[in-house]
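So the structure is just underneath, and the comments pick up after that.
Throughout, a chain's letter reflects where its sequence line sits, starting with A, and its residues are numbered from 1.
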Amino acid sequence: MVAKKHSLFDPGMIAQAVIEALKKLDPRSMVKNPVMFVTEVGAVVTTFGLVFRQGAEPVLFSLQVTLWLWFTVLFANFAEALAEGRGKAQANELRKTRTKTLANRLLADGSFEKTSADELRKGHLVLVSAGEIIPADGEIVYGVATVDESAITGESAPVIREAGGDRSAVTGGTRVLSDSIRVRVTANPGESFLDHMIRLIEGAKRQKTPNEIALTILLSALTIIFLVAIMTFKFFGIYSHVTFSVTVLVALLVCLIPTTIGGLLSAIGIAGIDRLVQKNVLAMSGRAVEAAGDVDVLLLDKTGTITLGDRQATEFLPAAGVCVEDLADAAQLASLADETPEGRSIVVLAKQYGLRGRSIMDMPNARFLPFTAQTRMSGVDVGETQIRKGAPDAVRDFIASPFPQEVEASARRVSQNGGTPLIVASGRRVLGVIHLKDIVKGGLKDRFERFRAMGIKTVMITGDNRLTAAAIAKEAGVDDFLAEARPEDKLSLIRNEQAAGHLVAMTGDGTNDAPALAQADVGVAMNTGTQAAKEAGNMVDLDSNPTKLIEVVEIGKQMLMTRGALTTFSIANDVAKYFAIIPAMLVSAFPVIGPLNLMRLGSPASAILSAVIFNALIIIALIPLALRGVRFRPLGAAVLLRRNLLIYGAGGLAVPFVGIKLIDLLVNGLGLV
Amino acid sequence: MDIFGWIQLALFVAVLFGLTKPVGIYLARVLDAKGATFLDPAIRPVERLIYRISGIDPDREQSWRQYAVSIIAFSLVGLLFTYAVLRLQNLLPLNPQGFGPVRPDLAFNTAASFTTNTNWQSYGGESTLSYFSQMVGLVFHNFVSAAMGIAVAVALIRGIAGHSAKSIGNFWVDLVRINLFLLLPICVFYSVFLVSQGVVQNFQPYVTAEVVERLEGTADSSQTIAQGPVASQAAIKMLGTNGGGYMNANAAHPYENPTPLSNFIQMLSIFLLPSGLTYTLGRMVKNQRHGWAVWLVMTLLVLAGTFAAWSSEAAGNPRMQTLGVSAADGNMEGKEVRFGIFGSALFATITTDASCGAVNAMHDSFTPLGGLVPLLNMQLGEVIFGGAGAGLYGMLVFVVLTVFLAGLMIGRTPEYLGKKIEAYDVKASAIAVLIPILFTLGFAALAAVSAWGVAGLNNAGPHGLSEMLYAYSSAAGNNGSAFAGLNANTPWYNTTLGIAMLAGRFLIIVPVLALAGDLARKKRVETSGGSFPVGGGTFVVLLTGTILIVGALTFLPALSLGPVVEHFTLYGSVRLF
């Protein structure tokens with residue numbers, strides 16, 4: 001779609017981000033981020049100190065510390081601006097698809113009126129004909145049409161949209177290719193799906209997610225603690241006859257408060273939403289992405305998610321005394337009017353038994369009965385002969401007598417193997433069983449295995465009977481299944497899981513999925529689905545690929561992991577900074593504490609400056625990690641924790657020792673202080 | 001660092017480990033209003049009688065707010081009661097020495113001190129307080145304040161273990177049961193044991209004895225030897241981690257802690273309930289690995305502190321060695337010969353790990369690094385076993401913060417034993433951590449630049465700073481031990497220390513109960529392979545790291561001007577302060 005992948009450091013975007021970073025220095029926007037706000041206040045204080053020449057340090061030193069404090073704030077702003085910029089670029093491309101169109105509005109008296117798309121309101125009816133652009137989001141009330149939705153999905157193949165059922169929703173900005181449809185507008189201008197999407201991507205409506213709020217509280221508490229520690233340090237200094245200048249105290253404070261995570265926190269969140277967009281999934285809020293990481297029960301529709309959408313006829317199992325050709329012949333006849341993929345696969349299979357291809361046109365006398373959800377049978381009446389094919393109980397009702405024993409056994413065997421048995425009957429005589437087989441998608445079993453390791457339970461939802469469901473569940477490797485599921489069963493399953501404290505994710509497209517989608521913690525609506533479904537869910541998959549639920553969960557986890565990794569890293573950094581700055585502050589008054597200068601930094605001034613520079617540069621250095629996210633690994637929590645603790649905890653302890661030492665060598669080499 | 005020290009240390013840890021499970025199981029029964037104990041036949045009737053007289057409905061559970069209000073109201077009444085007893089002790093019985101009323105600021109300080117389980121003693125027990133004041137005004141608090149700490153800890157555990165619950169127990173029931181089933185029975189036996197070791201227990205007036213060898217340059221030929229009901233008070237002061245000595249010299253006094261055996265048992269009794277509570281935690285949340293992990297973190301920090309203090313004291317004072325003191329003797333200044341270097345170092349570590357505050361040596365006379373250990377122990381928040389109950393709830397606050405900080409790294413929003421840790425919980429935990437820091441550093445900084453603050457110091461320079469830091473760390477941490485060397489019995493010190501003690505107790509209990517209430521209200525998700533592991537090695541490392549980083553980094557700047565500079569000065573120069 002839209003989501004052309006932008007390289008991380010596109011020069012144009014960087015320039016834009018630099019400008020935005022400067023604009024974000026406005027204290028009114030800074031105050032939303034307490035850690036960086038304190039840093040900015042610190043920078044202002046040292047700037048004043050510099051201008052009014054407070055303190056005894058050389059100007060060059062104070063100037064450099066002040067500049068790097070400002071850089072610290074700017075780098076954090078830059079990270080956020082860069083993350084937002086990537087979203088904005090995508091939104092701009094989306095906006096191009098929104099053209100001013102004229103709509104044919106259908107008035108109450110049946111006449112038409114040319115209306116600008118901006119003037120359409122909810123409830124208006126419009127007529128859209130071939131070649132025209134659909135002026136607003138809506139629902140088809142009459143007609144069927146092929147629609148090119150590539151503008152929003154990137155998928156070039158047109159899709160069929162028709163009144164009634166689950167494929168009635170149309171999106172403003174897409175183009176009708178054939179036929180004409182009447183559409184009831186469902187969104188006012190500015191509230192359409194496209195508008196919503198643009199706003200989401202741009203991050204204009206961005207609110208802090210619950211976990212971000214909690215983390216901000218903790219980071220603020222740490223900031224207050226260090227503020228208390230540094231302010232009282234001044235007093236203890238007075239007692240000890242050591243004078244600490246304001247510049248040095250601010251430098252120490254900024255190094256200790258968690259600026260690394262504070263500066264990157266919002267960029268991580270924006271980047272999470274952005275990664276979803278690149279997978280063609282729109283999250284309605286950052287909260288949804290966070291919830292995706294927490295999900296521990298996945299409800300997966302069997303059809304389309306676990307199995308390929310279509311079942312294939314693979315075998316004819318004739319009843320006693322019926323030859324397989326006769327069964328194939330009857331099956332083919334009964335399926336001629338069955339346009340479902342299953343029906344077509346029966347016709348194809350029958351050809352292997354030497355039957356020539358037949359078409360409806362060849363049989364003028366025949367009366368065809370298409371498959372309906374009510375009868376659950378299809379068939380044909382040729383003269384007096386009624387040939388039927390359908391689900392066992394439907395056919396049993398039709399012939400009004402039990403099946404012969406061997407037919408019953410064949411049907412059961414098919415079910416046990418995860419197939420669907422269809423019974424073919426001619427009049428009251430049962431001819432045999434067709435074996436319809438579900439094809440499980442490749443690679444799922446491994447994936448579910450990894451989910452299990454991460455503590456995520458997968459539940460397959462299917463309308464099939466228990467036997468069939470159990471067999472497919474086993475083949476696909478899901479943990480559990482819900483057979484003979486009706487929409488309300490889905491809803492109650494979700495409620496039960498939630499009552500036990502689980503977070504549930506599901507996909508859905510039909511209107512009858514809407515309540516479950518709304519109830520689920522993460523409800524991914526298919527873009528091909530109804531408007532009701534899209535409104536009920538908190539994500540929309542533009543590709544309408546239900547398997548993507550799995551990737552959504554992975555992206556949510558990746559975002560949370562990135563946040564945790566950088567928090568740990570940020571706090572672990574403090575140890576080295578202490579060993580750089582505290583000895584430097586005390587060594588002139590107490591030369592005996594020289595051994596505490598573990599890193600053997602050149603001079604007190606260079607030690608403090610190096611720590612401040614490291615503290616600023618580490619933000620820049622971690623922007624790529626914040627935007628790309630730490631690598632997702634499907635491991636159990638214990639292994640994952642050990643691994644990340646080693647990388648980001650132990651790494652966070654060690655890296656600044658090396659970094660500050662190197663910067664100190666450079667600072668002294670260049671004679672900066 | 002001799003072999004006898006190592007043997008004692010190994011024995012201490014082994015006995016503590018062995019007692020943890022049985023004590024933990026017994027605690028769990030006591031803390032369950034319907035739990036059965038072997039004391040039921042004797043005590044149940046008393047328990048029922050108390051409920052009937054005081055109109056407590058033991059089946060009525062309280063919300064966290066009701067629980068907190070009960071605690072505050074009860075403590076306020078206790079505070080005022082003790083204040084009144086001290087102010088009026090000249091009019092009250094059992095005052096054979098005829099002591100006058102206690103000064104208002106000292107009475108406030110003392111009342112606050114005992115109400116908050118701190119037992120900071122600005123007064124000299126045997127020279128200021130009557131038997132009545134000690135037994136009724138103070139010992140009463142030794143029991144109820146310890147019970148209160150345990151009650152809050154258990155309320156928090158109930159919150160963690162609960163599932164969509166509205167209540168966290170009934171404070172009055174917890175208070176009554178902990179006293180009747182736990183503290184009183186143990187103290188009866190414990191006091192008798194102490195008497196067997198030579199601790200006194202009487203109501204006699206003080207004895208005047210002729211000195212055998214007159215001190216050179218003094219005219220005194222006689223010495224007053226204090227008497228009193230010492231054993232009964234010494235038992236609860238250790239078991240309840242109160243620490244307020246009957247005598248001013250506390251556990252260094254031969255009448256309070258006469259033998260190495262009594263010393264060993266007293267150390268053990270400080271840790272007995274906090275250690276048992278870790279097992280109770282594991283049992284109540286049905287995750288014994290978690291209970292043991294918390295125990296292990298505490299034990300590792302005890303061992304680290306002991307090792308640091310012991311090695312520093314054993315190395316001795318280089319300035320003394322130049323004067324001819326053998327290096328092998330270590331730093332014996334301010335230590336009792338019957339306890340020696342190890343017995344003093346271990347006691348100092350234990351009494352400050354737990355917020356007990358009883359002392360058997362002069363902490364002020366420790367080497368700089370040896371003195372840093374008790375100081376840092378208190379500043380870490382009194383969570384290394386900590387006070388009876390208070391240590392566990394302080395530690396659980398750190399656990400919540402640890403889970404929150406690191407929990408995200410497993411790709412889920414933080415979750416502790418199936419409970420989501422959200423903004424409200426973080427806020428409550430952050431306040432609980434912030435309060436002692438604020439009051440310790442705030443008041444110490446104020447004292448450091450005030451005439452009244454500096455006037456109380458025995459020593460100038462870094463050691464003086466350590467004395468002030470120690471006093472406020474001890475007060476805000478509800479420890480009560482003194483570095484000594486600071487004359488804190490002045491209106492300013494008495495008042496600020498009193499405020500720090502009250503803040504360090506109740507401004508932590510309230511957010512902890514809020515945390516308990518919020519956790520109780522949440523659904524509890526069953527833990528799975530994807531849940532944050534709160535047992536095992538990684539968690540132990542993580543929790544230890546969080547405590548050290550949050551606790552130590554906060555105080556490192558201040559400490560660097562105190563013990564750290566003092567240490568380097570001692571070894572690196574000839575400067576004296």
Side-chain angles (χ1 to χ4, degrees), chain A residues 210-211 213-214 217-218 221-222 224-226 228-233 235-240 242 256 290 293-294 296 452-456 499-502 557-558 560-561 563-565 567-568 571-572 574-575 578 582 586 590 592-593 595-596 632 636-638 640-642 644-645 648-649, chain B residues 401 404-414 418 421-423 425-427 430-431 433-434 437-438 441-442 444-446 448-449 454 461-462 464-465 523-526 528-533 536 538 541-542 545 549-550 553-558 560-561 564-565 568-569 571-573 575:
Chain A
N211 178 259
I213 293 171
I217 290 172
L218 185 64
L222 284 174
I224 294 172
I225 288 177
F226 285 121
V228 171
I230 303 304
M231 278 161 58
T232 54
F233 194 36
F235 288 90
F236 296 134
I238 294 171
Y239 167 86
S240 309
V242 194
L256 293 183
E290 205 169 280
D294 274 346
D296 52 3
R452 200 165 302 124
M454 296 167 67
I456 297 174
H502 295 290
K557 285 199 173 297
Q558 192 187 24
L560 293 173
M561 269 182 220
R563 206 181 276 166
T567 305
T568 307
I571 292 171
D574 277 3
V575 176
Y578 258 122
I582 298 274
L586 300 183
F590 302 101
V592 287
I593 59 141
L596 269 187
F632 174 79
L640 210 54
L641 181 65
R642 199 176 319 132
N644 283 335
L645 190 62
Y648 299 100
Chain B
L401 291 179
F404 185 80
L405 280 173
L408 284 168
M409 280 197 292
I410 63 165
R412 280 163 87 155
T413 58
I421 305 298
E422 290 159 314
D425 314 302
V426 171
K427 212 183 288 176
I431 291 172
V433 169
L434 197 60
I437 292 173
L438 202 63
L441 286 178
L446 182 66
V449 294
V454 182
L465 184 63
K523 290 174 198 157
R524 187 170 180 192
V525 197
E526 273 181 46
S528 67
S531 313
F532 187 86
T538 314
V541 171
L542 207 53
I549 287 194
V550 175
L553 291 193
T554 310
F555 291 97
L556 209 100
S560 66
L561 279 172
V564 175
V565 161
F568 282 105
T569 308
Y571 280 88
S573 79
R575 193 167 159 194

Discussion item. Determine whether Leu553(B) and Phe226(A) satisfy the following criterion, side-chain contact (heavy atoms from CB on, under 4.5 Å), listing intermediate values before the conclusion.
Written reply: CA-CA 9 Å; Leu553(B) 291 193; Phe226(A) 285 121; 4.2 Å; yes

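- Between the side chain of Tyr239(A) and the backbone N or O of Gly461(B) there is at least one donor-acceptor pair closer than 3.5 Å.
- Heavy atoms of Ile549(B) lying under 4.5 Å from chain A belong exclusively to its side chain.
- For a residue to count as touching a neighbouring chain, one of its non-hydrogen atoms must lie under 4.5 Å from one of that chain's; by this rule Leu586(A) touches chain B with the side chain only.
- Contacts between Ile238(A) and chain B at a heavy-atom distance below 4.5 Å involve the side chain alone, from C-beta outward.
- By number of non-hydrogen pairs under 4.5 angstrom with chain B, the leading residue of Ile582(A), Leu645(A), Ile213(A) is Leu645(A).
- Side-chain contact between Val242(A) and Phe236(A) is absent, with no heavy-atom pair separated by less than 4.5 Å.
- Interface summary for chain B: among Gly455(A), Pro595(A), Gly636(A), the most heavy-atom pairs under 4.5 angstrom belong to Gly455(A).
- Among Ala444(B), Pro414(B), Gly442(B), the residue making the largest number of heavy-atom pairs under 4.5 Å with chain A is Ala444(B).
- Only the side chain of Tyr578(A) comes within contact range of chain B, with at least one heavy atom under 4.5 Å from a heavy atom of that chain.
- Open room surrounds CZ on Phe235(A); 12 or fewer heavy atoms of other groups in view lie less than 6.0 Å from it.
- Salt bridge annotation for Glu290(A)-Lys557(A): absent, with no cationic side-chain nitrogen under 4.0 angstrom from a carboxylate oxygen.
- Leu542(B) is listed as a side-chain neighbour of Phe532(B), based on a closest heavy-atom distance under 4.5 Å.
- A donor and an acceptor atom, one from each side chain of Thr413(B) and Asn211(A), are nowhere located under 3.5 Å apart.
- The candidate from Ala221(A), Ala638(A), Ala214(A), Ser240(A) with the greatest count of non-hydrogen atom pairs under 4.5 Å with chain B is Ala214(A).
- Options Gly293(A), Pro210(A), Gly237(A) differ in how many heavy-atom pairs under 4.5 Å they form with chain B, and the most are formed by Gly293(A).
- When heavy atoms are compared at a cutoff of 4.5 Å, Ser531(B) approaches chain A solely by way of its backbone atoms N, CA, C and O.
- Between chain B and the residues Leu222(A), Thr232(A), Thr567(A), Leu640(A), the largest count of heavy-atom pairs under 4.5 Å involves Thr232(A).
- Heavy atoms closer than 4.5 Å to chain B are found in both the backbone and the side chain of Asp294(A).
- When each of Leu465(B), Val564(B), Ile437(B) is scored by its heavy-atom pairs under 4.5 Å with chain A, the top score falls to Leu465(B).
- Both the backbone and the side chain of Ile225(A) come within less than 4.5 Å of a heavy atom in chain B.
- In terms of heavy atoms, Pro462(B) sits closest to Val565(B) at CG-CG1, 4.0 Å.
- In this structure, Phe632(A) and Met561(A) have side chains that are in contact, with non-hydrogen atoms separated by less than 4.5 Å.
- Between Asp425(B) and Phe404(B) the shortest side-chain heavy-atom distance does not fall below 4.5 Å.
- Put simply, of Pro557(B), Ala406(B), Ser560(B), Pro533(B), the one with the most heavy-atom pairs under 4.5 Å next to chain A is Pro557(B).
- Contact of Ala500(A) with chain B is made through the backbone alone, with heavy-atom distances under 4.5 Å.
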